[in-house]
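See below for the structure under consideration.
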Amino acid sequence: MTAPQFDGLVAVVTGGASGIGAAIVARLREHGAIVAVLDRDIAHADTAVSAFHADVSDRRSVDAAMASVGERFGRIDILVNNAGIGAQGDITANDDDEWARVQSVNVTGIARTSAAAMPWLRRSPSAAICNIGSVAAIVGMQQRALYSATKGAVVALTRAMAADHLREGIRVNAVNPGTVDTEWVARLLGSAENPAAERAALEARQPHGRLIEALEVADAVLYLVSPLSRSTTGTCVEVDGGMAALRLRPAAG
Ligand code: NAI
């Protein structure tokens with residue numbers, strides 16, 4: 001890909017202060033986009049980008065932050081709905097409040113943020129939304145009932161949004177990552193009884209035998225939101241080391 005493809009375009013990345021979001025911000029900037037971060041914790045955001053405080057589970061907060069981005073830059077062309085939180089356990093593990101809280105961030109958060117950006121996206125000559133799902137939307141994973149339900153909803157929502165907004169010239173796609181080496185996973189490992197064994201188990205779960213780098217996910221997002229991908233909408237790209245699609249025989253020896 002060549003540098004000028006995003007020149008003059010304004011991109012908003014939710015959860016852009018950390019992990020996968022921060023990698024997406026870096027890649028978009030490298031390729032010429034002006035990037036705004038919306039995050040509930042902007043203390044660690046790249047100081048080279050404009051960061052706006054927003055909690056995607058709070059509509060007023062999202063509306064205000066998106067209005068500030070529009071006011072600052074005069075346009076919004078790309079929205080990456082990356083902010084998300086985890087939940088562990090089977091269906092007995094979380095009460096109704098926790099189900100509502102996680103769904104509000106991971107699913108309704110995408111609807112809130114996209115609705116707030118919609119008037120701007122409708123005016124863009126190359127409007128694109130990319131949602132971050134998960135391999136958990138596709139394969140059954142143990143102790144991730146609530147989280148998986150929200151990510152399955154992200155995939156369904158992506159297709160519904162793609163259908164609704166195609167004729168307005170707004171493309172909507174998703175990326176489903178496997179386990180990515182971010183602060184999120186570091187926190188999970190930190191709370192494990194044996195972090196090294198837990199990391200080895202996570203690596204072994206992916207057919208290519210390692211954790212995914214955040215920049216690998218960012219490169220898929222970059223492709224999907226690029227003005228060059230004009231005919232790509234309603235799709236989900238797996239960046240998961242083969243986890244969703246492959247069944248390998250155990251390695252010999
Ligand atoms: P992270 O925890 O490193 O970063 C998440 C960012 O989102 C943080 O900056 C956090 O402040 C922000 N955020 C969380 N809740 C928010 C809210 N209510 N409003 C605004 N901002 C909020 O996480 P990571 O690993 O970078 O994950 C990003 C996305 O990728 C999430 O949607 C996650 O579900 C998804 N994902 C992550 C995988 C992984 O293995 N790390 C695997 C598959 C999907």
Side-chain angles (χ1 to χ4, degrees), residues 12-27 36-46 49 51-66 69 79-88 98 100-114 116 130-139 141 144 146-155 157-158 174-191 198-199 201-203 205-206 210-218 220-221 236-241 243-244:
V12 174
V13 181
T14 71
S18 171
I20 294 170
I24 295 166
V25 169
R27 275 292 192 259
V37 166
L38 260 56
D39 204 296
R40 68 176 177 190
D41 177 9
I42 56 176
H44 305 292
D46 181 347
V49 299
F52 299 82
H53 180 269
D55 180 344
V56 299
S57 66
D58 175 351
R59 192 171 291 267
R60 270 207 286 187
S61 154
V62 168
D63 286 350
M66 204 66 78
V69 175
L79 171 62
V80 182
N81 286 308
N82 161 77
I85 55 175
Q88 296 189 48
E98 187 62 0
R101 188 179 80 88
V102 179
Q103 291 186 78
S104 182
V105 175
N106 291 4
V107 186
T108 322
I110 291 178
R112 284 186 196 100
T113 316
S114 303
C130 184
N131 300 325
I132 304 300
S134 167
V135 69
I138 301 168
V139 298
M141 296 171 73
R144 292 290 182 277
L146 165 53
Y147 180 71
S148 302
T150 67
K151 291 301 184 176
V154 170
V155 168
L157 180 59
T158 299
V175 172
N176 289 328
T179 305
V180 187
D181 205 354
T182 66
E183 292 82 338
W184 172 317
V185 170
R187 285 194 298 272
L188 273 179
L189 295 178
S191 64
E198 182 64 18
R199 188 182 174 97
L202 291 178
E203 288 171 348
R205 195 170 63 175
Q206 296 188 155
R210 63 171 175 83
L211 298 190
I212 293 154
E213 293 167 26
L215 284 173
E216 295 178 282
V217 180
V221 173
C236 301
V237 174
E238 274 77 52
V239 181
D240 63 359
M243 198 171 164

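As the structure lists them, so they are numbered: ligands from 1, and atoms in each ligand from 1. The chain is numbered in sequence order, starting from 1. These values consider heavy atoms only, across backbone and side chains, with no hydrogens, waters or symmetry-generated copies.
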Less than 3.5 Å apart, any donor N or O on the side chain of Ser114 or Asn81 sitting next to an acceptor on the other?
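Present: a donor and an acceptor within the cut-off.
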
**Request:** Would you tell me whether Ser57 and Arg101 have side-chain atoms, one donor and one acceptor, within less than 3.5 Å of each other?
**Result:**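 Result is no, nothing qualifies.
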
Can you check which of [options] brings a heavy atom nearest to [atom]?
| atom | options | value |
| --- | --- | --- |
| atom 32 (O) of ligand 1 | Asn82, Asn106, Ile132 | Asn82 |
| atom 42 (C) of ligand 1 | Ser134, Gly178, Ala214 | Gly178 |
| atom 44 (C) of ligand 1 | Gly133, Gly84, Ala186 | Gly133 |

Measure the spacing between CG of Asn106 and CG of Asn131 and express it to the nearest 0.5 Å.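 Here the interatomic distance stands at 11.5 Å.
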
For [atom], find the nearest protein heavy atom and state the residue, atom name and distance (0.1 Å precision).
| atom | answer |
| --- | --- |
| atom 41 (N) of ligand 1 | Thr182 OG1, 3.3 Å |
| atom 36 (N) of ligand 1 | Tyr147 OH, 3.6 Å |
| atom 37 (C) of ligand 1 | Ile20 CD1, 3.7 Å |
| atom 13 (N) of ligand 1 | Arg40 NE, 3.9 Å |
| atom 7 (O) of ligand 1 | Gly15 CA, 3.3 Å |
| atom 43 (C) of ligand 1 | Pro177 O, 3.5 Å |
| atom 39 (C) of ligand 1 | Val180 N, 3.5 Å |
| atom 9 (O) of ligand 1 | Asp39 OD2, 2.6 Å |

Do Arg199 and Glu203 sit within salt-bridge range, that is, some charged N less than 4.0 Å from a carboxylate O?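 Yes, charged N to carboxylate O under 4.0 Å.
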
### Message
Any carboxylate oxygen within less than 4.0 angstrom of a Lys/Arg side-chain nitrogen, looking at Arg210 and Glu216?
### Response
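Result for this pair is yes, salt bridge flagged.
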
Just by modelled atom types, is the [Y] backbone N or O under 3.5 Å from a matching donor or acceptor in the [X] side chain?
| X | Y | value |
| --- | --- | --- |
| Ser61 | Asp55 | yes |
| Gln103 | Thr108 | no |
| Arg112 | Val56 | yes |
| Thr182 | Ile20 | no |
| Thr179 | Leu211 | no |
| Glu183 | Gly19 | yes |

Would you mind listing which atoms of ligand 1 come within a distance below 4.0 Å of any non-hydrogen atom of [X]?
| X | value |
| --- | --- |
| Asp55 | 17 (C), 18 (N), 19 (N) |
| Arg187 | 2 (O) |
| Glu183 | 3 (O) |
| Gly19 | 3 (O), 26 (O) |
| Ala54 | 19 (N), 20 (C) |
| Val185 | 40 (O), 41 (N) |
| Ala83 | 7 (O), 21 (N), 22 (C), 32 (O) |

Residue part near ligand 1, for [X], under 4.0 Å between non-hydrogen atoms:
| X | result |
| --- | --- |
| His44 | neither |
| Val135 | neither |
| Val56 | both |

- Message: Evaluate Val217 against Ile212 for side-chain contact (heavy atoms from CB on, under 4.5 Å), listing each step before the verdict.
- Response: CA-CA 8 Å; Val217 180; Ile212 293 154; 4.0 Å; yes

| said: Once side-chain contact (heavy atoms from CB on, under 4.5 Å) is applied, do any residues pair with Ala136, and if so which ones, sequence neighbours excluded? | reply: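 Expected list: Ser134, Met141, Tyr147, Ser148.
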
